[in-house]
Amino acid sequence: MDFEKSERLKKLPPYLFAEIDRKKKEVASKGINIISLGIGDPDLPTPHHIVERLKRAAEDPKNHKYPDYEGLYEFRKAASLWIKNRFGVEFNPENEVVSLIGSKEGIAHIPLAFVNPGDYVLVPDPGYPVYNIGTIFAGGISYIMPLKRENNFLPDLKAIPEDVLKKTKMMHINYPNNPTSAMANKNFFQEVVDLAHKYKFIVCHDMAYSELFYEEPPISIFNVDGARDVAIEMHSLSKTYSMTGWRIGFAVGNKSIIEGLGKIKTNVDSGIFQAVQEAGIEALSGDQSIVNKYRSIYKERRDLVVQKLQSLGYDVFYPQATFYVWVKTPNNIDSRTFCGKILEETGVVLTPGVGFGSHGEGYFRIALTVDKEKLLEALDRIERVSF
Ligand code: MLT
């Protein structure tokens with residue numbers, strides 16, 4: 001039998017990376033060798049000491065039971081200490097920190113706790129598709145905040161109409177930004193927090209790329225006044241410690257926002273495998289030198305790709321953070337046509353900017369998640385395609 005899908009599901013666009021994966025397999029089946037610069041999945045392995053801790057923890061029968069819904073106290077404490085060391089702000093592990101099955105899970109679930117049908121959620125475009133998807137699941141309305149290059153890919157807060165702000169329940173922001181790699185400064189965060197106070201909405205700051213910076217370390221939204229009243233920040237171990245497959249992250253912030261998210265989670269999932277949480281503790285409180293080492297590897301890749309693309313005449317937004325390079329398509333070709341042709345003719349997987357929203361049109365994204373030799377090979381292949 002073929003069952004009719006819910007209206008909610010029918011409203012969803014195809015999930016960007018699943019779609020790219022499908023096309024990639026199609027091309028690979030023709031015998032074309034693939035170099036994937038698509039999804040941001042690190043090629044660098046999870047550091048050894050973290051894997052070793054998982055092995056030990058997996059042997060322990062106490063970890064074979066249902067985990068605590070909100071996450072092991074020790075994990076939340078390690079997360080809170082990590083935040084304190086990195087950003088100088090303190091959160092009570094008891095009620096201001098919750099563990100997440102990756103930050104994607106938190107982003108998808110949080111609207112269910114606060115957004116009623118018809119409420120507005122301010123969503124950046126281009127942006128991580130889950131901001132819009134989570135809004136749709138909750139019956140909310142995504143109000144698109146265009147991220148434009150002339151504004152350094154920050155939303156223009158003054159352009160949001162008053163009647164939308166009055167009906168806004170939540171705003172998603174994400175700096176360092178995926179896909180553009182843009183950074184935000186203190187003034188921007190302060191303006192966001194002030195606006196949220198004025199119109200009484202929640203700010204959900206996705207900081208999955210906080211440690212992938214090349215010059216200045218990014219600041220947290222909690223480094224500005226009043227943020228604790230209105231904000232939650234999603235953190236992820238995925239990119240910082242090359243742990244995408246482990247599904248572990250956490251959120252810190254306003255007590256009542258954490259409580260709402262925690263309540264949704266209690267009802268839909270049973271937390272993270274405790275052995276993975278123990279490995280997470282090791283990641284957050286163990287030797288951090290590997291983070292520096294990985295950062296310098298990505299930096300070398302960034303320099304190489306930016307230099308080569310510029311020498312080929314591409315217009316590149318210079319990335320100061322993330323492992324993405326955001327590039328204009330040549331001759332204003334639409335991004336799906338450009339990425340499609342590159343994939344079919346060369347086997348190089350790129351992400352079309354439009355996949356992150358209509359304001360991403362005219363750009364494509366390169367993920368620096370393969371080694372330098374492969375990156376060079378990919379760029380050589382791209383160079384041979386004529387448009
Ligand atoms: C991306 O490539 O944009 C991200 O890796 C996707 C994700 O984190 O889920």
Side-chain angles (χ1 to χ4, degrees), residues 12-24 34-46 100-110 123-135 137 147 153 172-183 204-213 218 233-251 272 280 283 294 298 301-302 305 317 319 321-327 335-336 339 342-343 348-357 359-361 363-370 375 378:
L12 296 191
Y15 192 69
L16 175 62
F17 294 106
E19 190 65 3
I20 293 175
D21 227 36
R22 197 185 53 72
K23 287 193 186 132
K24 185 173 90 179
I34 298 286
I35 301 180
S36 182
L37 312 179
I39 193 164
D41 199 356
D43 58 320
L44 305 170
T46 307
L100 298 173
I101 308 172
S103 53
K104 179 180 186 178
E105 181 255 312
I107 292 164
H109 278 147
I110 194 166
V123 171
D125 175 341
Y128 188 42
V130 188
Y131 307 136
N132 178 40
I133 291 167
T135 304
F137 280 159
L147 305 187
F153 296 114
H172 287 287
I173 50 171
N174 159 228
Y175 293 97
N177 184 259
N178 174 22
T180 68
S181 82
M183 303 260 282
C204 183
H205 184 218
D206 171 5
M207 238 194 144
Y209 300 92
S210 71
E211 303 318 294
L212 295 184
F213 58 85
E233 200 164 69
M234 308 287 183
H235 287 268
S236 171
L237 278 66
S238 291
K239 321 282 166 162
T240 306
Y241 301 102
S242 288
M243 292 176 77
T244 45
W246 300 56
R247 310 315 305 138
I248 182 163
F250 60 91
I272 311 164
Y294 283 5
Y298 290 128
R301 294 177 183 178
R302 176 204 62 172
V305 168
F317 182 73
T322 76
F323 47 33
Y324 301 124
V325 187
W326 189 238
V327 193
S335 57
R336 275 194 208 283
C339 296
I342 295 279
L343 176 60
V348 175
V349 183
L350 303 168
T351 308
V354 74
F356 297 98
H359 294 274
E361 187 49 285
Y363 286 88
F364 65 95
R365 193 192 77 175
I366 292 185
L368 302 171
T369 45
V370 298
L375 279 172

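As the structure lists them, so they are numbered: ligands from 1, and atoms in each ligand from 1.
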Identify, by atom number and element, the atoms of ligand 1 in contact range of [X], meaning under 4.0 Å from any of its heavy atoms.
X: Ile39; answer: 2 (O), 5 (O)
X: Phe17; answer: 1 (C), 2 (O), 3 (O), 6 (C)
X: Gly40; answer: 1 (C), 2 (O), 5 (O)

*If you measure every N/O of Tyr15 against every N/O of ligand 1, is any gap under 3.5 Å?*
no

*Report yes if Asn178 has an N/O atom closer than 3.5 Å to an N/O atom of ligand 1; otherwise report no.*
yes

*Nearest-contact summary for atom 5 (O) of ligand 1 - protein heavy atom, Å*: Lys239 NZ, 2.6 Å

_Can you tell whether the side chains of Asp43 and Arg301 come within less than 4.0 Å, N to carboxylate O?_
yes

*Pick one: which of Trp326, Tyr363, Phe317, Tyr324 meets side-chain contact (heavy atoms from CB on, under 4.5 Å) with Pro179?*
Trp326

*Look at atom 1 (C) of ligand 1 and find which of Tyr324, Phe356, Tyr128 reaches it with the closest heavy atom.*
Tyr324

*Which residues share a side chain to side chain contact (heavy atoms under 4.5 Å, CB included) with Ser242, sequence neighbours left out*: Pro42, Leu44, Tyr294, Tyr298

_Checking Arg365 now: which residues fulfil side-chain hydrogen bond (donor to acceptor under 3.5 Å, both in side chains) with it, not counting sequence neighbours?_
Asn178

*Looking only at side chains, do Glu361 and His359 share a donor and an acceptor under 3.5 Å apart?*
no

*If every non-hydrogen atom of Val354 is compared with every non-hydrogen atom of Ser335, which pair is closest and at what distance?*
N-OG, 3.2 Å

